[in-house]
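Working notes for the structure below.
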Amino acid sequence: MSSSHVLIGRGADRGTSATLESGRLRILRGPEVTLIPLAAVREVRAWGESLVEILLTDGAVHQVSGSNPTATAAFTAALNRALPQERDPAGSALVTIESGSGGEPLWRGDDAQVSLGTDRLRVVRGIRSTDIPLVAVREARVEGRGLLQVVLTDGATHQLPGGRPDATAAFAATVNAALPPERERHPGGSELATTVPAPGGKPPGTSRRPLVGSGAVVLAYLCWTIWAGVTHGSFAAVSVTIIAVPFFLGLAVLAATGFGLSVRAAMSRRGITVLAVRASDEQGHSSPRFEFTAMDGVTYAHHTRRHATPTLHVVHDSLRPYRTIVPGSPVTVVLKYTVTLACACALLALSAYMTYEVFA
């Protein structure tokens with residue numbers, strides 16, 4: 001068996017490669033390395049001109065895009081020839097995910113990553129890094145599509161959404177296989193977990209997508225302003241520049257309203273109400289932080305200056321505990337979002353009317 005068969009990704013999979021090694025298939029996708037024993041592969045199929053589907057014995061599917069149809073067909077044929085006659089029905093349970101740099105099994109989700117060391121799990125979520133000794137873990141399991149749950153021996157649960165289903169199942173199986181025997185587990189799981197600031201970590205929930213989208217809108221508007229000046233004169237260019245004020249303000253209010261409604265909708269499905277306690281600064285003065293402990297045993301905070309009470313009821317998302325709201329009456333919530341949505345629509349309507357008057 002040769003290790004010279006390599007499939008290089010293209011397009012959306014640029015930076016991805018699949019290498020046929022002795023007895024296994026190595027898929028490199030960004031910082032992740034997926035190792036698939038050939039005994040866990042049922043068959044390999046080529047779809048279209050460049051897509052390779054790797055079907056495991058338990059039905060899970062891995063996909064890799066090739067650089068061209070010829071390379072894709074050759075890689076598919078070589079991989080099918082290398083498959084052993086005896087297969088293992090476990091499939092995904094035999095697949096391991098490793099970090100491309102450190103060699104530790106690694107799982108990545110929407111806003112977190114988990115690495116498996118020799119004796120502990122490290123959960124990095126935003127600016128926090130939580131080390132969980134394996135003796136404090138009861139099990140790792142998968143719920144739904146890509147939701148990784150790490151259950152500690154005292155019942156505390158770390159819920160981490162957003163992983164690929166096949167990678168999540170493989171990582172959970174790897175973690176469970178690394179757990180010590182039951183008699184060596186520690187019953188006080190959360191007591192052994194330690195949370196410290198993550199070096200270079202970003203606040204959870206931050207993403208480049210809103211920045212990229214906002215930049216694209218601004219660039220498109222700038223191009224439109226230049227077009228208006230070239231085709232309709234300087235008066236049109238100045239007018240379009242003035243119209244940008246209500247237009248972008250209306251878009252910002254509309255985006256904020258939409259995000260708030262999506263958070264409220266998520267809270268109505270999986271929100272958990274807790275009693276948060278006001279924190280104090282180093283001098284003992286009250287701060288606008290109300291701290292609470294989520295189901296994963298980690299302390300989170302809700303920031304508000306509207307409440308002067310020592311405690312506050314807060315609703316947090318069970319999957320993303322850093323997202324919090326203060327419950328209010330339905331009338332107040334509906335009125336708030338109705339007014340903001342009306343303001344956004346009014347600003348956008350004003351910008352549309354001004355645009356019509358300029359180009360009429």
Side-chain angles (χ1 to χ4, degrees), residues 109-112 125-128 143-144 147 156-162 202-207 209-211 213-214 217 243-281 284-354:
D110 283 343
D111 53 10
R125 195 169 200 170
I127 58 176
R128 289 186 174 94
E143 292 289 337
L147 175 61
T157 303
H158 291 254
Q159 301 196 79
L160 308 167
K202 298 180 180 179
T206 58
S207 173
R209 293 180 182 178
L211 295 178
S214 301
V217 173
I243 294 172
V245 176
F247 175 73
F248 283 108
L249 187 58
L251 281 184
V253 175
L254 185 62
T257 303
F259 178 75
L261 288 174
S262 66
V263 171
R264 291 274 177 180
M267 294 297 184
S268 66
R269 296 194 308 270
R270 55 176 185 261
I272 298 176
T273 302
V274 296
L275 185 64
V277 179
R278 183 185 293 274
S280 301
D281 56 21
H285 301 146
S286 297
S287 72
R289 289 167 45 92
F290 287 83
E291 297 181 342
F292 63 92
T293 302
M295 293 177 59
D296 56 9
V298 179
T299 299
Y300 296 89
H302 175 81
H303 297 260
T304 179
R305 296 184 182 275
R306 299 179 181 178
H307 302 271
T309 57
T311 60
L312 180 67
H313 281 94
V314 172
V315 180
H316 73 83
D317 191 335
S318 59
L319 297 185
R320 298 173 176 86
Y322 53 83
R323 288 185 178 175
T324 59
I325 61 173
V326 176
S329 66
V331 175
T332 304
V333 173
V334 171
L335 182 62
K336 170 187 174 182
Y337 285 103
T338 300
V339 171
T340 55
L341 186 60
C343 291
C345 293
L347 289 168
L348 293 176
L350 176 61
S351 63
Y353 174 75
M354 295 172 65

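FYI, the numbering just counts along the sequence from 1.
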- Between CZ of Arg264 and CZ of Arg269, what distance do you get to the nearest 0.5 Å? 14.0 Å

- Message: Using every non-hydrogen atom in the two residues, find where Leu350 and Pro246 come nearest and quote the distance to one decimal.
- Response: CD2-CB, 4.2 Å

- Query: Going through the distances and angles, do Leu341 and Leu254 end up as a side-chain contact (heavy atoms from CB on, under 4.5 Å)?
  - Reply: CA-CA 6 Å; Leu341 186 60; Leu254 185 62; 3.7 Å; yes

- Looking at SG of Cys343 and CG of Leu348, how far apart are the two atoms once the value is rounded to the nearest 0.5 Å? 11.0 Å

- Shortest non-hydrogen contact between Asp317 and Arg270, atoms and distance: OD1-NE, 2.7 Å

- Taking C-beta and beyond as the side chain, do Leu147 and Leu160 meet within less than 4.5 Å on heavy atoms? no

- Message: With a 4.5 Å cut-off on side-chain heavy atoms, are Thr293 and Tyr300 touching?
- Response: no

- Query: Of the non-hydrogen atoms in Arg323 and Met267, which two are nearest, and what is the gap between them?
  - Reply: O-CE, 3.0 Å

- Side chains of Ile325 and Val263: closer than 4.5 Å at any heavy-atom pair? yes

- Could you tell me whether the side chain of Thr304 reaches within less than 4.5 Å of the side chain of His307, counting heavy atoms only? yes

- Any Leu261 side-chain heavy atom under 4.5 Å of Tyr337 side chain: yes

- Message: Looking at His302, is its backbone amide N or carbonyl O close enough to the side chain of Thr324 to form a donor-acceptor pair, meaning the two atoms are under 3.5 Å apart?
- Response: no

- Between Gln159 and Glu143, does a side-chain contact (heavy atoms from CB on, under 4.5 Å) hold up when you go through it step by step? CA-CA 9 Å; Gln159 301 196 79; Glu143 292 289 337; 6.0 Å; no

- Arg278 side chain to Thr309 main-chain N or O, any donor-acceptor pair under 3.5 Å? yes

- Task: Determine, stepwise, if the pair Phe292 / His316 fulfils ring pair (Phe, Tyr, Trp, His ring centres under 6.0 Å).
- Result: CA-CA 10 Å; Phe292 63 92; His316 73 83; 5.1 Å; yes

- Item | Pro327 and Val315, any side-chain heavy atoms less than 4.5 Å apart | yes

- Can you name the closest pair of heavy atoms from Ala344 and Gly250 and give their distance? CB-O, 3.7 Å

- Taking the side chain as C-beta and beyond, is there a heavy-atom pair between His313 and Val326 under 4.5 Å? no

